[in-house]
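Structure, as structure tokens:
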Amino acid sequence: MLLNRKLLMLAIIAAVIPSWVQAQEKQRKFEINVGISTPGMTEMQDSELSDLGFEYFDYYHDRPLSELDKESYNSTLYPCLSVETAYKLADSGFFKRLDLVGFVGLHNVFYEDFDIVNNISSKETATKLDILVGIRYNIVKKTYFNMYTQFLAGGAVGAKSGYWKMMSDKWSDSGSPTMQLTFLGFNVKLGRRESRLGAMVELGFGSEYALSNLFIIPGVRTGLSYKF
């Protein structure tokens with residue numbers, strides 16, 4: 001009789017565990033990932049200028065020396081470090097494929113300004129922190145694989161440096177926009193079923209990562225994710 005009770009108890013546990021695990025999976029509404037990416041759209045515009053070479057300086061050949069002075073600088077672009085969070089809005093219904101997304105990106109550029117009129121120079125590491133929010137649409141969302149697209153918009157914090165001001169004044173009177181369109185993002189779970197770790201990669205264009213000034217050539221962001 002005691003043996004039968006033990007067998008019955010084991011049978012109940014065996015039946016409950018899969019349902020409990022599945023319920024835990026559904027409760028994982030949050031995802032956080034840490035990534036590294038190609039520089040953003042503003043920095044890519046800087047890179048495009050440096051590739052113009054003599055043709056670019058020929059443009060200033062017959063112009064005042066003060067205009068050439070504004071363009072006498074050297075810059076080194078660094079990859080962008082970022083943290084992204086996503087919150088699942090619903091388990092069913094119209095919003096089940098939508099996530100609310102927050103993004104923080106840290107941009108660094110080594111900037112050396114040459115004042116050829118007064119024959120002086122200055123150096124700094126220009127830092128910019130972008131904070132964005134937006135919506136993610138999950139095209140495919142499975143236990144081991146997720147494919148999505150998303151759009152983010154926001155603003156910059158701590159961008160008071162000569163480099164960022166120069167780039168903003170050069171390309172727009174209102175400054176460079178802080179927005180990011182992710183064409184496609186992929187997240188693959190690492191490890192066994194109970195693992196919460198994943199590897200992610202995103203392809204997109206915007207202030208957080210790009211590869212050129214051309215919209216059709218996306219930048220790349222990759223990193224590790226954790227779901228809870």
Side-chain angles (χ1 to χ4, degrees), residues 9-41 78-108 127-158 178-210 218-228:
M9 184 63 68
L10 290 175
I12 293 174
I13 294 174
V16 169
I17 285 179
S19 300
W20 180 82
V21 171
Q22 186 176 6
Q24 293 301 309
E25 288 290 333
K26 290 183 178 180
Q27 292 174 5
R28 294 181 186 178
K29 289 182 174 291
F30 289 93
E31 175 198 321
I32 182 169
N33 62 64
V34 178
I36 185 171
S37 66
T38 53
M41 181 174 57
Y78 295 106
C80 175
L81 303 176
S82 55
V83 177
E84 184 178 64
T85 61
Y87 173 73
K88 184 178 180 181
L89 291 178
D91 291 326
S92 60
F94 177 79
F95 295 103
K96 69 178 181 180
R97 290 184 178 270
L98 298 181
D99 294 346
L100 182 64
V101 180
F103 188 100
V104 177
L106 178 63
H107 301 257
N108 288 292
T127 300
K128 179 166 71 82
L129 190 68
D130 290 345
I131 301 176
L132 303 90
V133 295
I135 290 292
R136 171 185 296 179
Y137 178 77
N138 294 285
I139 302 171
V140 178
K141 193 161 190 177
K142 301 295 184 180
T143 303
Y144 288 92
F145 176 75
N146 185 24
M147 181 172 69
Y148 56 87
T149 182
Q150 63 188 24
F151 177 78
L152 308 171
V157 178
T178 305
M179 59 181 64
Q180 181 69 39
L181 174 62
T182 300
F183 302 145
L184 282 177
F186 304 91
N187 194 320
V188 180
K189 177 179 284 192
L190 301 176
R192 299 180 179 180
R193 181 181 179 86
E194 64 272 12
S195 174
R196 301 190 179 193
L197 291 176
M200 51 75 58
V201 61
E202 295 176 347
L203 306 175
F205 179 85
S207 60
E208 306 316 299
Y209 49 95
V220 181
R221 177 176 180 265
T222 186
L224 297 175
S225 66
Y226 182 80
K227 295 182 178 181
F228 58 99

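Both backbone and side-chain heavy atoms feed into the values below; hydrogens, waters and symmetry mates do not.
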- Query: When rounded to the nearest 0.5 angstrom, what distance separates NZ in K96 from CG in N138?
  - Reply: 11.5 Å
- Main-chain N/O of M179 paired to S207 side chain as donor or acceptor, under 3.5 Å: yes
- F30 vs F228 aromatic rings, parallel, tilted or perpendicular, using cut-offs 30° and 60°? parallel
- Query: Taking it one step at a time, do S82 and R221 satisfy side-chain contact (heavy atoms from CB on, under 4.5 Å)?
  - Reply: CA-CA 9 Å; S82 55; R221 177 176 180 265; 2.6 Å; yes
- Message: Can you tell me how far apart CE (M41) and CG (L181) are? Round to the nearest 0.5 Å.
- Response: 11.0 Å
- When R196, R136, K88, K227 are each screened for side chain to side chain donor-acceptor pair (under 3.5 Å) with E31, the one that passes is R136
- Message: Main chain of Y209, side chain of Q180: is a donor-acceptor contact present, judged purely on distance under 3.5 Å?
- Response: yes
- Message: A side-chain contact here means heavy atoms from C-beta on lying under 4.5 Å apart; do R97 and I139 qualify?
- Response: no
- Query: Under 3.5 Å, side chain of T38 to main-chain N/O of A210, donor-acceptor pair present?
  - Reply: yes
- Crowding at CZ, F145 (>12 non-hydrogen neighbours, <6.0 Å): yes
- Message: Please check this pair: side chain of T222 against backbone of M200, looking for a donor-acceptor N/O pair closer than 3.5 Å.
- Response: yes
- Query: Is T149 reaching over with its side chain to a backbone N or O of F183, donor-acceptor style, under 3.5 angstrom?
  - Reply: yes
